[in-house]
Structures are given as structure tokens and as C-alpha cells.
Amino acid sequence: MNTGQPLFDQPIRINSSVRPEDESRLSRLAQEILVLFLRERTVTTSQLMQIAAQYNARLYEVRRHLIPLGWRIDRVGGRGGQNTCKLVPLDESEFYAKNKHKF
């Protein structure tokens with residue numbers, strides 16, 4: 001289901017509740033998270049926290065950006081408060097397979 005579109009062609013849309021003065025900074029953080037996943041494919045929450053303390057919001061935005069492009073970030077494991085997430089094509093995403101009716 002990967003559309004073959006480059007993942008950087010479009011800016012990542014930030015949550016509409018974000019104040020306009022914060023959009024640039026938060027967009028940059030979301031972009032840094034996307035670059036980390038493109039480089040590493042599998043990322044831990046510790047790595048995400050080095051980019052953004054509120055990484056869950058930025059991760060949500062990156063996920064929302066990736067789905068139309070045929071990709072998904074899935075949680076693939078965790079132990080002792082340390083979660084691991086992986087960038088996968090939509091057709092390999094277990095989460096998307098179970099929840100695609102919500103997207």
C-alpha cells in the first residue's frame with residue numbers, strides 16, 4: 001500500500017489547537033521525529049524524548065501525515081516503561097489492519 005510518494009513532499013500538519021506562534025517549533029519537532037524514523041526505522045521512547053518532551057503529540061501528527069502516504073508507526077514492544085515503535089508500510093501494520101475503519 002506504499003504509494004511511493006516521498007515522505008517529505010508535504011509539511012506535517014500540526015494539531016489545530018496549537019497556538020500560531022508555536023506552529024513552527026512544533027512542526028520542526030515533528031519533522032525531526034519523522035527523520036529519526038526514516039533513519040532508524042525502529043525507535044525507543046527515550047530517543048523520542050531527546051527530541052520532544054511531549055513526543056506523543058508530535059508522534060500523533062507524524063502518524064497522521066504518514067497514513068495517506070502508505071506508512072504507519074506501530075508500537076512493537078515495551079518493557080519497564082520503555083516503548084519501541086517501528087516505521088512500517090500500511091499493509092504490514094497490525095494496528096492499521098485492526099483499526100483501519102477508524103481512519
Side-chain angles (χ1 to χ4, degrees):
M1 188 157 199
N2 177 2
T3 63
Q5 297 176 15
L7 302 180
F8 290 112
D9 273 1
Q10 313 155 31
I12 296 173
R13 289 189 350 261
I14 301 301
N15 187 316
S16 61
S17 66
V18 169
R19 299 180 314 194
E21 60 268 24
D22 292 331
E23 276 187 36
S24 176
R25 176 179 58 85
L26 297 179
S27 178
R28 181 182 47 78
L29 294 174
Q31 197 69 38
E32 285 181 38
I33 287 173
L34 176 57
V35 168
L36 177 65
F37 273 99
L38 291 172
R39 186 178 65 235
E40 303 289 332
R41 295 289 189 203
T42 302
V43 175
T44 65
T45 51
S46 293
Q47 290 172 287
L48 294 171
M49 287 183 71
Q50 290 175 10
I51 295 172
Q54 298 294 324
Y55 68 86
N56 275 326
R58 305 297 72 82
L59 192 56
Y60 170 80
E61 292 156 353
V62 173
R63 282 178 168 142
R64 190 178 64 205
H65 173 77
L66 289 172
I67 286 177
L69 301 172
W71 293 89
R72 164 91 183 143
I73 295 173
D74 278 1
R75 182 179 173 276
V76 293
R79 192 169 66 191
Q82 177 81 289
N83 289 321
T84 303
C85 299
K86 185 174 183 176
L87 178 65
V88 296
L90 273 183
D91 55 1
E92 294 176 21
S93 170
E94 292 180 25
F95 181 88
Y96 186 76
K98 294 176 189 172
N99 297 283
K100 61 182 160 191
H101 62 282
K102 296 179 183 179
F103 296 96

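Note that CD of Gln31 and NE2 of His65 are 6.5 Å apart. Values are rounded to the nearest 0.5 Å. Atom CG of Leu87 is separated from atom CZ of Arg39 by 13.0 Å, given to the nearest 0.5 angstrom. Note: Thr45 OG1 to Tyr55 OH = 4.5 Å, rounded to the nearest 0.5 Å. Taking CZ of Arg72 as the start and SG of Cys85 as the end, the distance is 9.0 Å to the nearest 0.5 Å. For the atom pair CG (Leu66) and OH (Tyr96), the distance works out to 12.5 Å, reported to the nearest 0.5 Å.
Cluster membership for Leu90 and Phe95, using ILVMFWY side-chain heavy atoms within less than 4.5 angstrom, is shared. Cluster annotation: Val62 and Met49 are assigned to the same hydrophobic cluster (Ile/Leu/Val/Met/Phe/Trp/Tyr, side-chain heavy-atom contacts under 4.5 Å, transitive). Both Leu59 and Leu36 belong to a common hydrophobic cluster when Ile, Leu, Val, Met, Phe, Trp and Tyr are linked at side-chain heavy-atom distances under 4.5 angstrom. In this structure, Trp71 is a member of the same hydrophobic cluster as Ile73, with clusters built from ILVMFWY side-chain heavy atoms closer than 4.5 Å. Hydrophobic clustering (side-chain heavy atoms under 4.5 Å, transitive across Ile, Leu, Val, Met, Phe, Trp, Tyr) groups Ile51 together with Leu38.
The two residues Arg58 and Ala52 come nearest to each other via the heavy atoms CG-CB, 4.2 Å.
Partners of Thr44 under the side chain to side chain donor-acceptor pair (under 3.5 Å) rule, at least two apart in sequence or in another chain, are Gln47. For Glu94, there are no salt bridge (charged side-chain N to carboxylate O under 4.0 Å, His left out) partners, not counting sequence neighbours.
At a threshold of 4.0 Å, the pair Glu61-Arg64 does not count as salt-bridged, since none of the basic side-chain nitrogens sits closer than that to a carboxylate oxygen.
When side chains are defined from C-beta on, Leu48 counts as touching Phe37, because their heavy atoms get closer than 4.5 Å.
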Step by step, work out the side-chain contact (heavy atoms from CB on, under 4.5 Å) result for Lys86 and Thr42.
-> CA-CA 4 Å; Lys86 185 174 183 176; Thr42 302; 3.6 Å; yes
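Shown here is Gln54, whose CD atom has no more than 12 heavy atoms of other residues, nucleotides or ligands within 6.0 Å.
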